[in-house]
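Worksheet: one structure, shown below.
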Amino acid sequence: MCGIVGYAGNGDGETVLDVLMGGLSDLEYRGYDSAGVAIADEPVAVHKRSGELTALEEALPDADVGGGAAGGAGIGHTRWSTHGPPSDANAHPHTDCEEQVAVVHNGIIENYESLRSSLAARGHEFESDTDTEVVPHLIEAELAASADREAAFRRAVGRLEGSYAVAAVYAADETIYAARHESPLVLGIGEDGHYLASDVPAFIEHTDRVIYLDDGEFARVTPTSVTVTDERGTVLDADVDTIEWDAEDAGKSGYDHYMLKEIHEQPEAIRTCLRGRVEELTGSVTVEELDDLDRPRVVHLVACGTSYHAALYGARLLRERGIPAQVFLASEYDVEAIPVTDGTLVVGVTQSGETADTLSALRAANRARAETLALTNVVGSSAARECDHVMYIRAGPEISVAATKTFASQQVALAMLSSVLADESSHAFVGALRALPDQIQTVLDDSLAPEVAAAYVDADAYFFIGRGYAAPVAVEGALKMKEITYEHAEGFAAGELKHGPLALVTENTPVFSILTGDDHLGKTLGNVKEVEAREAPVIAISDAPDRVARHADFVLEVPETHRWFAPILANVQLQLVAYWTATELGRSIDKPRNLAKSVTVE
């Protein structure tokens, strides 16, 4: 979603503006529709544009934006519209009437209408449709009442209801003031200055030392110091963590798109996910982070989007191992309607650890005194800090909006979690897990996905079907196709094909059928025959090509493996099909329209 970057320092050879623009570029993956910067000159120098960052870059040479000296302070923002359409006026940063303070904000201020009405009645003039613009005017009002700059910022933030990561700079003041509540904000501790951002990639090229702000905490960032305080102003002894990946890990490494790079990173991501957790010699699975987690009576998995599809897969694993498990869309999880009893474990599956709906569900579970577990990719994320337990999927940075390697790593992590909770494992299970990276590499090396994409790029729609463990992967395959091609795609359990969707099947609606393992192969082939009878093209994703070839126009092969893991391999083929179809269509693959990487508002 929206991205924040801030810098206070001597520039280390770069101007403040250089650092801010570099940080905004590194946050483009989060999704946005406008961008802007503010430099703490006299008055505050603000420039902003709707559209991509290039629009802002092209305008900067003619703009009166300071930051030309290698020193000072400034803030920047990429906006994903919530209040008001994308426009120059609605872009952040926003200022007060006198342009003495500029503010950037992620989240939603729920009481902004009443605040705006009150401020307007006192003579404040507003230029945008956003909720954010009330913040600089609140600060202006507090300054007029004789508060100093830090006190004015604190008092203004204290009047906000809703979610926010907010940062402000004042005219001619080399200080950034910031606060967070239910929206991520991280500080970077550098050698030649200090940083703040909504996500680490904004400053990882400058420093790997970070402080994660918790809800209710404030920060004061200057070129020489970082101070973290609580709501009462008490200085806190903040922990400084070290990021274990670098800027090169977050680059394209010669690939045309981050998505393709991340698809190809899946073998290594899974090796890292498994490292130190599985022992092939003994056939055991050990996850040290979960040593104090007892077998639950029931498991609730809460998630959104791709993570929800991973949770569907994980719940089936748990149920097969004898642990009752249900999956809920996080935005629909209601602990009053869905009783949380003694022995309930609530697992939040979230790549970023900052997904607002998932965090809300986990917080509700915490209030209901359920045991909570975050299954996430980001060390130090809100979910990781707020849950009783955390299991990291260790996929490394994922930049493309369309999740790929994190989905595979979530599936593998959930397989291990099911083994730990049920206290069940075997040599066959562990051996199949250990074989996955090489098998995925085989799929990547030999896939016919480019040919399939070229053959069906003009299709009217795309259908994806699968049974059992393949059903969530079918839905995920359709989601990938929707996200990056903008074409209509639907995924569903294969048995549901005849209960309505078959009415949409024509000779120009290719059907991708996951035909793996022996459990449901015959039944799913029956569904394929229904498709054949309507003359629709069939693309089989299968570990049994000899059995399915005569029913398919194309066969995308996957290696034979444990029936639980065949869908993980099948998913790689579907990721490649979506990618190459989007390439044929010339889509913006890493930054699909209207979408954001981390959805931090409910």
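Everything numeric in this text was worked out from a predicted model, so none of it was measured. Along the sequence shown, residues are numbered consecutively beginning with 1.
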Go through the steps for Asp96 and His124 under the test side-chain hydrogen bond (donor to acceptor under 3.5 Å, both in side chains), then give the verdict.
-> CA-CA 8 Å; Asp96 64 320; His124 292 264; over 6 Å; no
Please report the C-alpha distance between Arg297 and Glu371 in whole Å, then the side-chain angles of each, then the deciding distance to 0.1 Å, and finally whether the salt bridge (Lys or Arg N to Asp or Glu O under 4.0 Å) criterion is met.
-> CA-CA 11 Å; Arg297 292 178 56 191; Glu371 198 166 15; over 6 Å; no
Step by step, would you call Asn366 with Thr372 a side-chain hydrogen bond (donor to acceptor under 3.5 Å, both in side chains)?
-> CA-CA 7 Å; Asn366 280 330; Thr372 53; 2.9 Å; yes
Could you give me the CA-CA distance, side-chain angles and deciding distance for Leu56 and Met21, then say whether side chain to side chain contact (heavy atoms under 4.5 Å, CB included) is met?
-> CA-CA 9 Å; Leu56 177 61; Met21 294 301 292; 3.9 Å; yes
Report the C-alpha separation of Val5 and Thr78 in whole Å, then their side-chain angles, then the decisive distance to 0.1 Å, and conclude whether the side chain to side chain contact (heavy atoms under 4.5 Å, CB included) test is met.
-> CA-CA 9 Å; Val5 62; Thr78 53; over 6 Å; no
Could you walk me through whether Thr130 and His94 pass the side-chain hydrogen bond (donor to acceptor under 3.5 Å, both in side chains) test, one step at a time?
-> CA-CA 9 Å; Thr130 70; His94 292 288; 3.3 Å; yes
For Val186 and Phe203, what are the C-alpha separation, side-chain angles and deciding distance, and is it a side chain to side chain contact (heavy atoms under 4.5 Å, CB included)?
-> CA-CA 10 Å; Val186 58; Phe203 56 69; 4.1 Å; yes
Carefully, step by step, assess His194 and Leu187 under the rule side chain to side chain contact (heavy atoms under 4.5 Å, CB included).
-> CA-CA 7 Å; His194 303 301; Leu187 310 179; over 6 Å; no
Check step by step if side-chain hydrogen bond (donor to acceptor under 3.5 Å, both in side chains) holds for Ser114 and Asn111.
-> CA-CA 6 Å; Ser114 62; Asn111 62 331; 4.7 Å; no
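Residues Ala383 and Leu359 come closest through the heavy atom pair N-CD2, 3.6 Å. Contact between Leu421 and Pro296 at its shortest, heavy atoms only, is CD2-CD, 3.9 Å. Here the shortest heavy-atom pairing between Ala152 and Tyr170 reads CB-OH, 4.0 Å. In plain terms, the two heavy atoms of Ala147 and Ala151 that are nearest each other are CB-CB, 4.2 Å. Ala89 approaches Ser128 most closely through the heavy-atom pair O-CB, 3.4 Å. Of all non-hydrogen atoms in Ala325 and Leu301, the two that sit nearest each other are CB-CD1, 4.2 Å.
In this structure the side chain of Pro136 reaches within 4.5 angstrom of the side chain of Val103, judged on heavy atoms. At least one side-chain heavy atom of Glu182 sits under 4.5 Å from a side-chain heavy atom of Arg363. You'll find the side chain of Leu185 reaches within 4.5 Å of the side chain of Leu196, heavy atoms only. A 4.5 Å side-chain heavy-atom check between Asp26 and Glu205 finds at least one atom pair inside the cut-off. For the pair Val349 and Val302, the minimum side-chain heavy-atom distance is 4.5 Å or more. You'll find the side chain of Ile211 reaches within 4.5 Å of the side chain of Ile189, heavy atoms only.
More than 12 heavy atoms of other residues, nucleotides or ligands sit less than 6.0 Å from atom CG of Asp291. Within a 6.0 Å radius of CD in Glu191, other residues, nucleotides and ligands contribute 12 heavy atoms or fewer. Other residues, nucleotides and ligands contribute at most 12 non-hydrogen atoms within 6.0 Å of the CD atom of Glu127. In Arg295, the CZ atom is crowded: over 12 heavy atoms of neighbouring residues, nucleotides or ligands sit closer than 6.0 Å.
Under 4.0 Å is where a charged nitrogen must lie from a carboxylate oxygen, and between Arg385 and Asp214 at least one such pair does. Using a cut-off of 4.0 Å between Lys/Arg side-chain N and Asp/Glu carboxylate O, Asp173 and Arg149 are scored as salt-bridged. Look at Asp215 and Arg180 and you find a salt bridge, because one of the NZ, NE, NH1 or NH2 atoms lies within 4.0 Å of a carboxylate O, short of that distance. Checked for salt-bridge contact, Glu265 and Lys405 meet the test: a charged N lies under 4.0 Å from a carboxylate O. Under a 4.0 Å N-O distance rule, the pair Glu140/Arg122 does not qualify as a salt bridge. Residues Glu268 and Arg271 are paired through a salt bridge, judged by an N-O separation under 4.0 Å between the basic side chain and the carboxylate.
Rounded to the nearest 0.5 Å, atoms NE2 (His389) and CG (Leu293) are 4.5 Å apart. Rounding to the nearest 0.5 angstrom, the gap separating the CD atom in Glu354 from the OG atom in Ser183 is 7.5 Å. Note that CG of Leu143 is 12.0 Å distant from CZ of Phe153, once rounded to the nearest 0.5 Å. Summarising the geometry, atom CD1 belonging to Ile75 is positioned 7.0 Å from atom CD1 belonging to Ile176; distances are rounded to the nearest 0.5 Å. The OG1 atom of Thr224 sits 12.0 Å away from the CG atom of Asp192 when rounded to the nearest 0.5 Å. Rounding to the nearest 0.5 angstrom, the gap separating the CG atom in Asp357 from the CG atom in Leu362 is 11.0 Å.
Phe328 and Tyr308 have their aromatic ring centers separated by at least 6.0 angstrom. Proximity of the aromatic rings of His105 and Tyr164 is defined here by a centroid distance below 6.0 angstrom, and this criterion is not met.
At least one donor-acceptor pair closer than 3.5 Å links the side chain of Asp148 to the backbone N or O of Glu150. Side-chain N or O atoms of Ser198 include one that pairs as donor or acceptor with a backbone N or O of Ile4 at under 3.5 Å. Between the side chain of Glu262 and the backbone N or O of Ser400 there is at least one donor-acceptor pair closer than 3.5 Å. A distance-only check finds no donor-acceptor pair linking the side chain of Asp230 to the backbone of Val235 [under 3.5 Å]. No donor-acceptor pair closer than 3.5 Å links the side chain of Asp199 to the backbone N or O of Pro201. Looking only at distances, a side-chain donor or acceptor of Asp131 sits under 3.5 Å from a matching main-chain atom of Ile109. Of the possible donor and acceptor atoms, one in the side chain of Ser163 sits under 3.5 Å from a partner among the backbone N and O of Ile108. The backbone N or O of Leu160 sits nowhere less than 3.5 Å from a side-chain atom of Tyr112 that would complete a donor-acceptor pair. Remark: side-chain polar atoms of Asp33 are not paired, donor with acceptor, to backbone N or O of Pro86 under 3.5 angstrom. Judged purely by atom type and a 3.5 angstrom limit, Lys48 has no side-chain atom pairing as donor or acceptor with the backbone of Val37.
Side-chain atoms of Thr406 and Glu398 form a donor-acceptor pair, as typed in the model, at a separation below 3.5 Å. Side chains of Thr350 and Thr355: a donor-acceptor N/O pair is present below 3.5 angstrom, by distance only. Between the side chains of Ser307 and Gln410, at least one donor N or O sits under 3.5 Å from an acceptor N or O.
Relative orientation of the Phe126 and His137 rings is tilted, given thresholds of 30° and 60° on the angle between their planes.
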